[in-house]
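Note sheet for the following structure.
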Amino acid sequence: MDMIDPFGRTISYLRVSVTDRCDFRCTYCMAEDMAFLPKKDLLSLEELDRLCTVFIEKGVRKLRLTGGEPLVRKNIMHLVRQISRHLESGALEELTLTTNGSQLSRFAAELADCGVKRINVSLDTLGPEKFRQITRWGNLDKVMDGIDAAQAAGLKVKLNAVALKDFNDAELPEMLRWAHGRGMELTVIETMPMGEIDADRTDQYLPLSLLRAALERQFTLTDTPYKTGGPARYVHVAETGGRLGFITPMTHNFCESCNRVRLTCTGTLYMCLGQEDAADLRAPLRASEGNELVADAIDEAIGRKPKGHDFIIDRRTNRPSVSRHMSVTGG
Ligand code: SAM
C-alpha cells in the first residue's frame, strides 16, 4: 500500500538522520556548545534497519542517510550494508548519503561496494581558513581527500553550498568553475531558520534571487526542466557546461511536490522539515516483534503531513521557525 498524504502526494523518499552528532560545528547549523542526545535514546542500527525496511515495504524507493554527520555513527557501514540488500532485491531504487566529507577517504570504496552510486558533499568554501571559520572544527584538506576518494571509487559527487551573505557569495563563481571542472554538480541553498545558533541569521541570509543575478553577470544561465523530485531547480551554465541547482526554501518553496519524510536517530518521524509536528515510531517499534504497530503509526503520521512550511528570516521575527537544529533531521 503506497503512502499517500492528505494532499495526494505519494511518499517515496525517506531521509534518515542516523546521529545528531557531528565532527563539525558549522556556524549557521549549530551552536558551539551543543547538547547532544544521550546515547541511550538512540535506536540501535538493527532498529534503524527494521524501520527503514518497513518504509521500503510501504513504498519508499529512495533512501538518504544523513545526520549530524552520518559517517561518525559507530559501525555505520553495517547499516549501509544491511540496507543495500534492498537495492539488490530491487525494492529500493537508490541509497545515498549527505556528508561533510571528513570521513569519506575511509569509507568511499565501501560505500561504492554497497551499491551507493552518488553522494552529496556539503562544502561552503574553498579557502582553508574560511573553511575552519565556518565549520569551527573542520579541516579542508581532509574533505578534499574525501572528495578525491569518492571520485576514485566511482561515486558521483554533488556539492551543496549554503549561500551566506558576505561569507561565500563572492567566491561562488570560483566554486562553480572548480566543481564543474571536476565533473561535480553544485547546488546552492538558502539558509533556513532552524534552531538557536550563536550568529544572527538575518546577517547571513542571502536570497538566491540576488545570487543568481550576480552570477548572471559572469555566466549564461539557462533554466532546464531537469528535476530530481526534490526542491532544487536547475540551470545549465553555458561557460562550464555543467548544472547548477538552487534550493530556495525561503524565497520559493516547492512543498506542493514534496515526496519525503524524515526519520531521526531516536525514531521520531518529521513529516515536514519546517514544522514541529512529529510522530514517535520508537514506542510502536519496541512494543512488538512484528511490524504492524509501527506500520499503523506511519500511516497515521502520513495522514497528517502538513501542506508545507513557511520559514521567515527578518529582524522582527527574531527566532527560529522550528526549534530543532538541522542536525536533528538532517539535510
Ligand atoms: N553532516 C552532513 C553534511 O554536512 O552534509 C549532513 C547533515 S547537514 C545538517 C546537511 C546539510 O544541511 C548541510 O549541507 C548543511 O550545510 C545544511 N544546513 C545546516 N543548517 C542549515 C540551515 N540552517 N539552513 C540551510 N542549510 C543548512
Side-chain angles (χ1 to χ4, degrees), residues 15-32 34 36 64-73 76 96-104 107 111 118-125 130-131 134-140 142-143 146-147 150 157-165 167-168 172 175 179 184-208 211 230-232 245-251 253 260 262-265 270 273-274 309 311-313 319-331:
R15 294 196 171 202
V16 183
S17 172
V18 296
T19 174
D20 63 331
R21 288 164 199 254
C22 188
D23 50 348
F24 291 179
R25 288 288 178 282
C26 298
T27 56
Y28 54 83
C29 182
M30 293 190 186
E32 187 155 20
M34 289 285 289
F36 292 109
R64 177 178 295 275
L65 301 180
T66 175
E69 171 48 42
L71 296 181
V72 303
R73 171 95 194 228
I76 184 63
T96 178
L97 119 155
T98 302
T99 172
N100 64 24
S102 68
Q103 311 295 317
L104 259 183
F107 292 121
L111 285 168
R118 61 185 194 101
I119 56 171
N120 289 359
V121 177
S122 305
L123 182 65
D124 301 321
T125 175
K130 284 176 81 175
F131 187 79
I134 198 76
T135 61
R136 289 194 182 104
W137 297 357
N139 176 345
L140 183 63
K142 273 182 85 177
V143 174
I147 291 174
V157 177
K158 193 182 86 176
L159 297 182
N160 283 334
V162 176
L164 298 162
K165 191 165 71 183
F167 177 76
N168 61 2
L172 285 166
M175 280 188 75
M184 300 185 284
E185 266 181 41
L186 174 70
T187 291
V188 282
I189 308 172
E190 284 172 341
T191 177
M192 290 175 271
M194 300 186 63
E196 291 288 352
I197 55 170
D198 304 316
D200 181 344
R201 290 194 195 276
T202 341
D203 295 336
Q204 301 180 324
Y205 171 52
L206 175 67
L208 292 189
L211 176 68
F246 293 94
I247 299 185
T248 55
M250 305 301 300
T251 50
N253 70 51
R260 60 198 60 191
R262 297 161 196 270
L263 181 69
T264 73
C265 56
Y270 286 95
L273 183 63
H309 53 74
F311 288 127
I312 301 171
I313 295 185
R319 58 182 163 72
S321 295
V322 291
S323 57
R324 64 183 186 282
H325 291 87
M326 188 76 168
S327 50
V328 175
T329 25

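When a ligand or atom number is given, it counts from 1 through the structure's own listing order. Heads up: numbering here begins at 1 and tracks the sequence. The structure presented is a predicted model; accordingly, all values stated were derived computationally and were not measured.
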May I ask you to decide whether R136 forms a salt bridge with D198, counting only side-chain N to carboxylate O separations under 4.0 Å?
yes
A student checking ligand 1 against E190 at a 4.0 Å heavy-atom cut-off should list atoms 25 (C)
Students should be able to answer this: which protein heavy-atom is nearest to atom 15 (C) of ligand 1, and at what distance?
Y28 OH, 3.8 Å
Nearest 0.5 Å, please: how far is CG in L140 from CD1 in I147?
8.0 Å
Please identify which atoms of ligand 1 are closer than 4.0 Å to at least one heavy atom of V162.
16 (O), 26 (N)
The atoms of ligand 1 lying under 4.0 Å from a heavy atom of R201, numbered in the order shown, are 23 (N)
Which atoms of ligand 1 are found less than 4.0 Å from any heavy atom of T191?
23 (N), 24 (N), 25 (C)
Out of G195, C22, S122, whose heavy atom is nearest to atom 13 (C) of ligand 1?
S122
N/O of G68 under 3.5 Å from N/O of ligand 1, yes or no?
yes
Starting at CZ of F131, measure out to SG of C26 and round the result to the nearest 0.5 Å.
7.0 Å
Measuring from atom CG of N120 to atom CD of E185, what distance do you get when rounded to the nearest 0.5 angstrom?
9.0 Å
Region of T99 that comes within reach of ligand 1 [heavy atoms, distance under 4.0 Å]:
backbone
Could you tell me whether a side-chain N or O of R64 sits under 3.5 Å from a main-chain N or O of L97, the two making a donor and an acceptor?
yes
Return the closest protein heavy atom for atom 12 (O) of ligand 1 as residue, atom name and distance.
M326 CE, 3.5 Å
Where is the nearest protein heavy atom to atom 11 (C) of ligand 1: which residue, which atom, and how far?
G331 CA, 4.0 Å
Residue, atom and distance of the protein heavy atom nearest atom 23 (N) of ligand 1 read M192 O, 2.8 Å
D23 and side-chain hydrogen bond (donor to acceptor under 3.5 Å, both in side chains): which partner among N139, T135, N100?
N100
At a 4.0 Å threshold, what atoms of ligand 1 neighbour a non-hydrogen atom of T66?
6 (C), 7 (C)
Let me confirm one number: the CD1-OG1 distance from I312 to T202, rounded to the nearest 0.5 Å.
12.0 Å
Tell me whether C26 reaches ligand 1 (any heavy atom closer than 4.0 angstrom to a ligand atom).
no
On a heavy-atom basis, the closest approach of M184 and L159 is CE-CD1, 4.0 Å
Just so I know, are the side chains of T329 and T264 near enough to count as touching, which here means a heavy-atom distance under 4.5 Å?
yes
